[in-house]
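Here the structure comes first, spelled out in structure tokens, and everything after it is commentary.
Ligands are counted one by one from 1 in listed order, and the atoms in each one are counted from 1 as well.
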Amino acid sequence: MSKVFNFCAGPAMLPTAVMAKAQQEFVNWQDTGCSVMELSHRSDIYIAMAKKAEADLRELMSIPDNYQVLFCHGGGRGQFSAVPLNLLPQGKSADYIVSGSWSKAAAVEAKNFGDINTININQDNDISLSLLASSDWPLNPDAAYVHYCPNETVNGLEINTIPETHGVPLVADMSSTILSHEVDVSKFALIYAGAQKNIGPSGLTIVIIREDLLGHAQIATPCIMNYKTSADHNSMYNTPPTYAWYLAGLVFQWLKELGGVKAMAKVNKVKAELLYQAIDKSDFYLNHIESQYRSKMNIPFWLKDDSLNDKFLSESEAAGLMALEGHRMVGGMRASIYNAMPLAGVQALVAFMAKFEQENKS
Ligand SMILES: *Cc1c(COP(=O)(O)O)cnc(C)c1O
């Protein structure tokens, strides 16, 4: 099989250079004679690598010193439970902004652990898909925290300004947008992200938490979900996902070599604009999301004639454009174009779409 461009939403494509490096040192890492995945997480050489990965992430995101970075198990959904367990004391409630399927799932899970106030901000109408502006969110000033999802992976909806919560701790599920553009971490109480979209392989979840929020977990919190326990043990209370941590470290180095998050954001903008232009200039393809809420990472689009969906999918795959099928909840197509997707991949997709339109328009 020749080179393909993989548009999967997650697990998603990794930078080729990173995989080549991992392959080259797979059986003999740093002259140990072992694979990194065979080494103790308590060995000096592993700890040095783990610390370097954290330092690189801190540098890439300009994470302030009063934040802890945790390397956890359990994925995004693990955090759907961990966040209320750690941050929602008895007698308080938390606000959950629902803008799409992931933020909804987070709210549903959180209800198992406390009093949750769900705020639906979808403003659906027939022509465009839009959201209630964050300045109009009916937030509870006494909430323990506000949870939202800045990039809805399934729906292709992005909230690209940081909501003002007037001192209420802000929690963000950044699973599909972390490291894609610069964010001011100091505006957040907690940021989490499953690794398999924009960082590395699945199995690793990054949590960035302001230190004053540690140590208030509900009594029933499992120890491996307790942020304080993790922080006190440098994310090694139990065996961390060692290989995924290592690979994430390689991705962080790759990002730094390319100029960091700022440089990445520029390319991501170009990629997204190219694809949205291709969709908007044709009436063969559609995306109804209001432009200010369009995701730069996950771009859904629909063929006006959806009887052509199967043909589009089989021909795009034959052309080396993989995994363009939309999520089963929304149908149509979806192109996930995370950091690892080169501009050439989007150019190839846009060229294919034009050709397919030519050949199939009625
Ligand atoms: C993929 C995803 C999740 C779920 O992640 P898992 O690691 O599968 O639990 C949660 N939130 C968002 C925004 C996602 O994209």
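- Using a distance-only test at 3.5 Å, with no hydrogens or angles considered, no donor-acceptor pair links the side chain of K228 to the main chain of L213.
- Atom 11 (N) of ligand 1 has as its closest protein heavy atom D173 OD2, 2.6 Å.
- For atom 6 (P) of ligand 1, the nearest non-hydrogen atom from the set P11, G76, A105, S176 comes from G76.
- Against a heavy-atom cut-off of under 4.0 Å, Q196 is close to the following atoms of ligand 1: 5 (O), 6 (P), 7 (O), 8 (O).
- In this structure, Y96 has its ring center closer than 6.0 angstrom to the ring center of H147.
- Under 4.0 Å from ligand 1, not a single heavy atom of A106 appears.
- A salt bridge does not link D56 to K51: none of the charged side-chain nitrogens sits closer than 4.0 Å to a carboxylate oxygen.
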Exercise for the section: Please report the C-alpha distance between N117 and D95 in whole Å, then the side-chain angles of each, then the deciding distance to 0.1 Å, and finally whether the side chain to side chain donor-acceptor pair (under 3.5 Å) criterion is met. Expected result: CA-CA 5 Å; N117 175 33; D95 282 348; 2.7 Å; yes

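- Under a 4.0 angstrom heavy-atom cut-off, G194 registers as lying outside contact with ligand 1.
- When only non-hydrogen protein atoms are considered, atom 15 (O) of ligand 1 lies nearest to T153 OG1, 2.5 Å.
- Ring geometry for F356 against F312 counts as perpendicular: the plane angle is over 60°, on a 0 to 90° scale with 30° as the lower cut.
- Counting protein heavy atoms only, atom 9 (O) of ligand 1 is closest to R77 N, 2.8 Å.
- With no hydrogens or angles considered, a side-chain donor-acceptor pair links S176 and N151 at under 3.5 Å.
- The distance from ligand 1 to the heavy atoms of C149 drops below 4.0 Å at these ligand atoms: 13 (C).
- Atom 2 (C) of ligand 1 has K197 NZ, 2.5 Å as its closest protein atom, hydrogens excluded (heavy atom only).
- Side chain of S295 to main chain of N298: a donor-acceptor pair is present (N/O by atom type, distance under 3.5 Å, no hydrogens or angles).
- For ligand 1, none of its N or O atoms has an N or O atom of N151 under 3.5 Å away.
- In terms of modelled atom types and a separation under 3.5 Å, the side chain of S180 and the main chain of T177 share a donor-acceptor contact.
- With a heavy-atom cut-off of 4.0 Å, E152 does not touch ligand 1 at all.
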